[in-house]
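Input: a single structure, listed below in C-alpha cells.
Just so it is clear, the structure is predicted and the values come from calculations on it, not from any experiment.
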Amino acid sequence: MTAGDLEGWARYGFSEELVRALFHGLRVGLYVVDHTGKILIVNPYAERLLDRPARQWIGADSHDLLHRNADGSPIPREDCQISAAFSEGVYVRSEESWFTCGSGGLVPLGVMVAPLPLGGEKGMGSVVLFYDLRRHKAVEHKQAAALAALEKLTDRLSLMAETSTLLASTLKVDEALRWLSCLVVPRLADWAMIDLLGPGNRVDKVAVAVKQGRGECKQWERPLPPVPEAFRSPMAQVMRGGPAVLLNPEDVAERINSVVCSVEELGAHSIILAPLRTPRRVLGALTLARYETSPVYDSTDLSFIGDIASRAGLAVDNADMFEEQRRFASTTSHELRTPLAGLRALLDEAVLYPADVDPHETIRQALTVTDRLETIVDDLLVLARLRAGDPAAYEPIDLGALVTEEAAALMGGVPVHVDADCDVNVLGNRIQLIRLIDNLLVNARRHAGTRVEVTVRRAEGSAVITVQDDGAGIAPQDRESVFEPFVRLDDGRRREPGGSGLGLAISRDIARAHHGTLRVEDSPQGAKFVLWLPLISACPRNTSDTIGTPRSDP
C-alpha cells in the first residue's frame, strides 16, 4: 500500500495510523469491496494467506475470484451469503467458507463481513475479515481421532471384562466357547470359529458364530481329521504352538485352501488365527475373520485377539484340569483301596486265626502289598510334580546317546535294537528323560514277541524317537486311554499283574513338560510309540526352567 493509498482512505474516515494498523498489523486477512463485490483493497496478510499478490485482487470480482464450495466447485451467486451481504449491506458471519488460493487449492476460512461506508459517490461497501481454519481443523481431527481411539479402547476393555466374566462363569467348555464366539461377533469379527484339539490330534470344531443375515453355522460344528505333523498350513502351525497369525487379503487369496476350512464358503477377507494356549500346552485355536465390507485387521487387533485366545485357553485348561483331578481322585482312591483292602484282610486273618496262619508267610505277603502301594505312591508323587509344573534343571542332551545307553543297560529279555542319528540334541531334564525312555523300552519289551526296534531321528526342527515292538499291538480305540492314569489293558495286566498303571501317563506328562508330544501311531505290526521333542536350535532363548512353546498333545 502506497502513501497515496493511505491519503485516499483518509477520505473514508480512516486515520493513517488506523490504516497502517489494519493493513500491516492485523493477523487476519482483510479486503474491502464495493456494493457489487469488486475488491478495492487487500492487506498483506491476505496476500500471504491465499498466496495471491495484490494485483490479482484489486478490481477483481471477489465472488468469482475466491468463493467456492468445499469440493472446489463454483457457488451460484444467488446462493452465496457473502455476496448477498455485499449487495444488501448487512453483517454476515460464516463458521466455514472455502476460498481459492493462488496455487489453485482450497483453504478453509472463518469469514466475517461488515458494511462499510465508502463515502462520496462510492456509497456503501463491505469489509471482509477472514482467518485460517486449517490449524483449527487439524486440532479437530486430532481430537476426533483421540476420541475414536478412546471409544475403541473403552469398548475393548469392556469386551475383555465381559470375556473374563463369561469364561469364569462355567466349567462347561463347549458352552463357554459358544458364548465367546457369539460375544466377539460382530464386535471384533464378521465370523468366528473355535477349534479344540482332541484325542489322537483330532480337531473338534466346537463353536461357530456368523454375522446375522449370513446364513446358518451349526453345520460347521463337527469333528475334523487329525492335523498331520508335516502339514504346514497357518492353522497347523498355530495348533502346534506357533504365535498368532494375521492374514491380509493377499495372504487369504493365495492360501485359501490351507488357511482354515470354510474360508471360501463364509467369504473371509482378513483373518486372525490365535492359539488357545497355556504355559503347558496348546488346546486349540480361535479364528476370527472379516468380510470385504469391514476394515482389515492390524497388529493391534492381532495382539488383542491373541490375549482373548490366551484367556480362553486358560479357561479351557482349568475346566479340563478340574475334570481330570476329579477323575484322578476317584481312580486313585479306588486303586489304593484295593491293595489296602487285601492287606487288611491278610492281617485280620492272622489276628483272628493265629493257629492256622503262618506268620512268616503273612509278613511276606504284606511286604509284597506294601511294595505295590509304595510304587503307586511314588509314581503319584512324580505325576503330581509334573502336572504342578515344578521347576527342573535342564541341560543339552544327546538323545541318540541317551537312548543307546539305556537300551544297553537292559538285562536279559527281548533284545532291543537302536538306530540313532548323531547330534540329535534337545534341552531337557536328564532324570525325567531317562524315566520316559525306560518306560517306553520296558513297555515295548513286555509286549514284544521277539524284538524291539528303536530309532532316533531329526525331522522338521524336532527330535523323533520311535519305539516299535512286534507284539499284538494296541487297538485304535485304546491308543489314547493307555496314557490315562491306572489304565491297563488286559494283556498288560496278564503280563505284569503288579504294575501301577502310571508309567505311560508319567511318560506323556514328561513329554509335555519338555514341550513335546507322545502318542501311539499306526503300525503294520505291534505297537508304535512316537515321541517328538524340540531340538535345541528350535528352542526359544529364555529357558531357565521351561523350554519354549509347548506342542499340543491330546
Side-chain angles (χ1 to χ4, degrees), residues 1-140:
M1 176 177 287
T2 66
D5 293 328
L6 294 177
E7 292 172 2
W9 280 96
R11 298 197 307 269
Y12 306 136
F14 292 93
S15 68
E16 181 177 337
E17 291 76 12
L18 178 58
V19 172
R20 287 188 183 279
L22 287 175
F23 283 81
H24 293 282
L26 200 63
R27 303 299 296 171
V28 296
L30 180 149
Y31 63 90
V32 176
V33 299
D34 62 16
H35 70 283
T36 67
K38 184 174 71 174
I39 298 174
L40 303 176
I41 195 167
V42 58
N43 75 339
Y45 190 85
E47 293 180 75
R48 293 193 300 272
L49 182 58
L50 295 185
D51 191 24
R52 288 182 181 276
R55 65 178 179 276
Q56 293 183 6
W57 298 71
I58 305 304
D61 183 284
S62 64
H63 177 79
D64 294 339
L65 180 68
L66 303 174
H67 306 170
R68 296 292 184 272
N69 286 313
D71 61 2
S73 61
I75 304 174
R77 191 177 293 271
E78 60 272 17
D79 295 335
C80 180
Q81 60 174 345
I82 296 176
S83 295
F86 299 160
S87 58
E88 297 171 9
V90 296
Y91 173 88
V92 167
R93 178 174 179 175
S94 172
E95 296 293 338
E96 182 178 283
S97 294
W98 294 83
F99 284 8
T100 60
C101 59
S103 63
L106 293 173
V107 179
L109 303 169
V111 178
M112 293 175 288
V113 181
L116 176 68
L118 298 178
E121 298 177 357
K122 294 188 177 181
M124 291 295 295
S126 298
V127 60
V128 180
L129 299 172
F130 56 92
Y131 53 93
D132 194 348
L133 291 180
R134 283 175 295 191
R135 181 177 297 177
H136 177 69
K137 280 189 165 295
V139 172
E140 282 186 341

| request: State whether the side chain of Asn69 and the backbone N or O of Gly72 hold a donor-acceptor pair below 3.5 Å, judged by distance alone. | output: no
| query | So Arg52 and Leu66, side-chain contact (heavy atoms from CB on, under 4.5 Å) or not? Walk me through it. | reply | CA-CA 11 Å; Arg52 288 182 181 276; Leu66 303 174; 4.0 Å; yes
| request: Starting at CG of Leu50, measure out to CD of Gln56 and round the result to the nearest 0.5 Å. | output: 10.5 Å
| field | Under the side chain to side chain donor-acceptor pair (under 3.5 Å) test, residues paired with Ser87 that sit two or more places apart | value | none
| field | Listed partners of Glu95 passing salt bridge (Lys or Arg N to Asp or Glu O under 4.0 Å), at least two apart | value | Arg93
| His67: side chain to side chain donor-acceptor pair (under 3.5 Å) partners, not counting sequence neighbours | His63
| message | Looking at every non-hydrogen atom in both residues, tell me the closest pair between Met124 and Pro115 and how far apart they are. | response | CE-CB, 3.8 Å
| said: Give me the atom names and distance for the closest heavy-atom approach of Cys101 to Val107. | reply: CB-CG2, 4.2 Å
| task | Nearest 0.5 Å please: distance from the OG atom of Ser62 over to the CZ atom of Phe99. | result | 7.5 Å
| In Å and rounded to the nearest 0.5 Å, what is the CG to CD1 distance from Asp61 to Ile39? | 8.0 Å
| remark: Taken to the nearest 0.5 Å, the spacing of Tyr45 OH from Tyr131 OH works out to 12.0 Å
| remark: One should read off an interatomic distance between Asp71 CG and Trp98 CH2, to the nearest 0.5 angstrom, of 10.0 Å
| field | Backbone N/O of Leu65 and side chain of Thr100: donor-acceptor pair under 3.5 Å | value | yes
| query | Hey, does the side chain of Ser126 reach the backbone of Val33 with a donor-acceptor pair shorter than 3.5 angstrom? | reply | no
| request: Give a yes or no answer on whether the side chain of Asp132 reaches the backbone of Gly29 with a donor-acceptor pair at less than 3.5 Å. | output: no
| query | Are any non-hydrogen side-chain atoms of Ile82 and Ile75 less than 4.5 angstrom apart? | reply | no
| request: Could you tell me the separation between the CG atom of Asp64 and the NZ atom of Lys38, rounded to the nearest 0.5 Å? | output: 13.5 Å
| Listed by chain and number, what are the ring pair (Phe, Tyr, Trp, His ring centres under 6.0 Å) partners of Trp57, not counting sequence neighbours? | Tyr31
| For Val127, all residues meeting side chain to side chain contact (heavy atoms under 4.5 Å, CB included), sequence neighbours excluded | Leu30, Val32, Ala114, Leu116
| task | Return the set of residues passing side chain to side chain donor-acceptor pair (under 3.5 Å) with Arg48 (not counting sequence neighbours), or none when no residue passes. | result | none
| remark: Minimal heavy-atom distance between Ser103 and Asp51, with the atoms involved, is N-OD2, 4.1 Å
